[in-house]
Amino acid sequence: MHDVALELIDDSGQTRPADSRAGTILEARGLSFDAGGQRLIDDVTLPIRQGRRTVLLGPNGAGKSLLLRLLHGLIAPSEGAVLWRGRPLDRTARRAQAMVFQRPVLLRRSVLANIRFALGARGMRGAERRARAAEALETARLTDLARRPARVLSGGEQQRLALVRALACEPEILLLDEPTSSLDPASTHAIEDLINAANARGVSVLLITHDLGQARRMGDDLVFLHGGRVAETGDLRQCLRTPQSEPLRAWLDGRLHFDQATS
Amino acid sequence: MDGFGAILADAIGLILSGDPDLAEIIGLSLRVTLSAVALACAIGLPLGAVVGAFRFPGRTVLTVVLNALMGLPPVVVGLMVYLMLSASGPLGVLGLLYTPTAMIIAQTILVTPIVAALTKQVVEDMHAEYAEQFVSLGVGPAGRVMALLWDARYSLLTVALAGFGRAVAEVGAVIIVGGNINHVTRVMTTTIALETSKGNLQLALALGVVLLSIALTVNAAVMALRASAVRAAYA
Ligand SMILES: Nc1ncnc2c1ncn2[C@@H]1O[C@H](COP(=O)(O)OP(=O)(O)OP(=O)(O)O)[C@@H](O)[C@H]1O
Ligand SMILES: [Mg+2]
C-alpha cells in the first residue's frame, strides 16, 4: 500500500499541483464563507487531484471542517464556487462524493441497518444490497457486530462503521474529517488501511488530520490552512521538509497556537 | 370512609363478576379511543415530521396553530362536530350523529394536534443531528421523513401514549356527539358522569378503577419499552 503511494509521489517529482490543472477532480475557486459577520473561509482556490491523497492540515479553528463541508456542498459559499470535474457541484455530483464527519452520525439502528440505509439512498435494493452490505461489514471486520445497535459501539468501531458506510456507496472521492481522532494505534492503522485500499482502487482522498505522523503516512499532496486561507500547498513531503510559509513553519515547530490561528 | 370502602368492594366485585354491560362499555371505549389514536397518528406523525424536518413558507404559522390546537377545549370540538353532523349540518346526510363513528371523529380532531405538535418537536431535534448526513447520502424528502419517524420510534410511542391518555379520559366531546346512548355510544367516561349523577356509585367507581388500570398498564408498558430502547441507545 505504502509502496504505491511512494511511487505516486516519485512520479509527481518536483511539480506542485497548483501548477497543473490536469487530473483535477474537485476544485475550489475563489471560495469564501462568512458567518456571524466574520470571514471564516477567505478566497480559497484549490485543485484536488484525482487519484491522490490530499491531506488538509491546520490549527484548530483554521476552517478545515468548513472547507470540507463547502467542497461537499453541505453549505453554500458566500463567494466563489466549487467545481466537480470542471462543472458546478450539484446533487448528482455529490453522489460521487462520500463524507465522514468529525463526529460520526450513526442512525439509531443496527450496524447492518446503517449500511443498508446508505445503500438504499443510492437506490440499491434486494439481494444486491444485502450482498454489498455484508461485504462492507467484512472489510471493516464488523461482521460479528452486524446486529449490534450502532450507537453502543466503541468510538473506534463507530468511526470504522462510518468509513465503510461511506465506502459502500462507491464514491470517487472520500472526504474525511479527522477519521482517526481519539483512536488507539491499532484502530488508527485499521482505518488507514481501509483508506489506502480504497485509494489503491482509484478513489481520491481528502483527509483532515492533526497527526503529523498520519499526514506523512497518508499524504501525497498537502494543503495547509491558516485563518481560513491556504497558507501553503504542494507535494506533502517537500512542503514538510522545506516549508515556504511562516504559518506552516511555525506549526511544524509547535509555535503556532490557536489564538493566532484566527488573527 | 366506611361507605367508600363498601362501594369500592362492590365495584371490584362488579369488575370481577365479568358483568356483560361493563364489558360492553369498556370494549366500546377502547374501540373508539384506539381508532381515534390510530387515525390521529396516521395524520399527525407524517404532518409533524414534515413540519419538523423541512423549512417552507407558513411553517411558523402552522407550528403556532398546531400548538394552539393542542389545548382545544373538548366541548368546543364536540359542538363543532355536532354542528357538522347534525341533520341540518353539511354532513347531516351521513347520519353519523350519535354513533361511535362520530365519537371517533371528535376524538381524532382532539388528538391529532397533540400527536403532530409533539412529533414535530421530536423530529426537529433529531433532524438537526441527521440533516447533513442525509444530504451527504443523498436521501430524498420522503426517505428523510420515513427515516426520522423510524429512528424516533420510541419517543413517538410516548407521543402516541399522550394522545391515548387524552382520548381515553375525555368526556366533553364524546358526550355531545355520542349522546351516551345505552348499548350504542356509552363509554367509560360518559357512563361515569351519568351514573355518578344518578347515584349509582358502584358502576361509576368500577369504571373509574378500570380506567385507572388501563392508564397505569399502558404507561408501564411504554416505560419498559423505552428503558430497553435507551439501553440500545435507540432512544
Ligand atoms: N456556522 C458558523 N457560524 C459561526 N462561526 C462558525 C460556524 N461554523 C464554524 N465557525 C467557526 O469557524 C472556524 C472554523 O471552524 P472549523 O470547524 O472549520 O475549524 P477546524 O479547522 O475544523 O478546527 P478543528 O481542528 O478544531 O476541527 C471556527 O472558529 C468556528 O468557530
Ligand atoms: Mg474540524
Side-chain angles (χ1 to χ4, degrees), chain A residues 65-66 68-76 89-111 113-125 147-154 158 161-162 165-171 173-177, chain B residues 41 45-46 48-50 52-57 118-161 222-235:
Chain A
S65 296
L66 275 179
L68 211 62
R69 288 162 70 216
L70 282 164
L71 290 172
H72 194 33
L74 296 179
I75 48 178
L89 181 74
D90 59 11
R91 238 178 95 86
T92 328
R94 198 189 297 114
R95 283 178 173 249
Q97 310 180 340
M99 176 151 171
V100 176
F101 292 87
Q102 195 161 353
R103 284 179 227 108
V105 183
L106 299 175
L107 300 180
R108 289 158 173 82
R109 309 174 184 199
S110 71
V111 168
N114 264 276
I115 295 182
R116 288 169 53 89
F117 179 78
L119 294 175
R122 304 278 156 140
M124 209 178 283
R125 296 279 178 272
R147 303 277 159 204
R148 189 85 58 89
R151 289 175 167 245
V152 304
L153 297 184
S154 78
Q158 289 199 10
L161 173 56
R165 181 176 63 180
L167 281 171
C169 300
E170 298 203 318
I173 190 169
L174 268 177
L175 307 173
L176 306 169
D177 198 344
Chain B
C41 285
L45 290 177
V50 166
F54 301 112
R55 327 233 141 247
F56 51 87
L118 295 179
T119 300
K120 183 231 163 206
Q121 201 49 56
V122 169
V123 165
E124 192 169 36
D125 293 347
M126 189 172 282
H127 188 250
E129 183 193 344
Y130 285 2
E132 291 203 328
Q133 185 69 62
F134 282 161
V135 176
S136 178
L137 290 173
V139 184
R144 279 192 211 200
V145 167
M146 285 191 295
L148 287 164
L149 286 175
W150 178 250
D151 271 36
R153 57 202 178 277
Y154 291 101
S155 305
L156 295 179
L157 214 56
T158 317
V159 169
L161 177 67
V222 169
M223 266 176 66
L225 249 162
R226 266 192 75 90
S228 72
V230 168
R231 272 195 299 281
Y234 281 160

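Within every chain, numbering begins at 1; the chains are lettered A, B, ... in the order of the sequence lines, protein sequences first and strands thereafter.
- Contact annotation for B:R153: only side-chain heavy atoms (C-beta onward) come within less than 4.5 Å of a heavy atom of chain A.
- Looking at B:W150 and A:L107, their side chains never come closer than 4.5 Å, going by heavy atoms from C-beta outward.
- Options A:A118, A:C169, A:A150, A:P149 differ in how many heavy-atom pairs under 4.5 Å they form with chain B, and the most are formed by A:P149.
- Neither the backbone nor the side chain of B:A229 has a heavy atom closer than 4.5 Å to any heavy atom of chain A.
- Considering only heavy atoms from C-beta on, A:R108 comes within 4.5 Å of B:M126 through its side chain.
- Neither the backbone nor the side chain of A:T92 has a heavy atom closer than 4.5 Å to any heavy atom of chain B.
- The local environment of CZ in A:R95 is crowded, with over 12 non-hydrogen atoms from other residues, nucleotides or ligands closer than 6.0 Å.
- A pairwise comparison of heavy atoms in A:V152 and B:R231 identifies CG1-O, 3.8 Å as the closest pair.
- Minimum heavy-atom separation, B:E129 to A:V105: O-CG1, 3.7 Å.
- The part of A:R91 that comes within reach of chain B is its side chain, from C-beta onward, which places non-hydrogen atoms under 4.5 angstrom from that chain.
- For a residue to count as touching a neighbouring chain, one of its non-hydrogen atoms must lie under 4.5 Å from one of that chain's; by this rule B:Y154 does not touch chain A.
- The structure places CG of B:L137 at 11.5 Å from CE of A:M99, a figure rounded to the nearest 0.5 Å.
- B:V135 places none of its side-chain heavy atoms less than 4.5 Å from the side chain of A:H72.
- Nearest heavy atom pair, residue A:L74 against residue B:S136, reads CD2-N, 4.1 Å.
- Side-chain atoms of B:Y234 come within 3.5 Å of backbone N or O of A:S110 as a donor-acceptor pair.
- Counted within 6.0 Å of CZ on A:R125, heavy atoms from surrounding residues, nucleotides or ligands total more than 12; the atom is thus considered enclosed.
- A:L175 does not touch chain B: none of its heavy atoms, backbone or side chain, sits under 4.5 Å away.
- Heavy atoms of A:R69 lying under 4.5 Å from chain B belong exclusively to its side chain.
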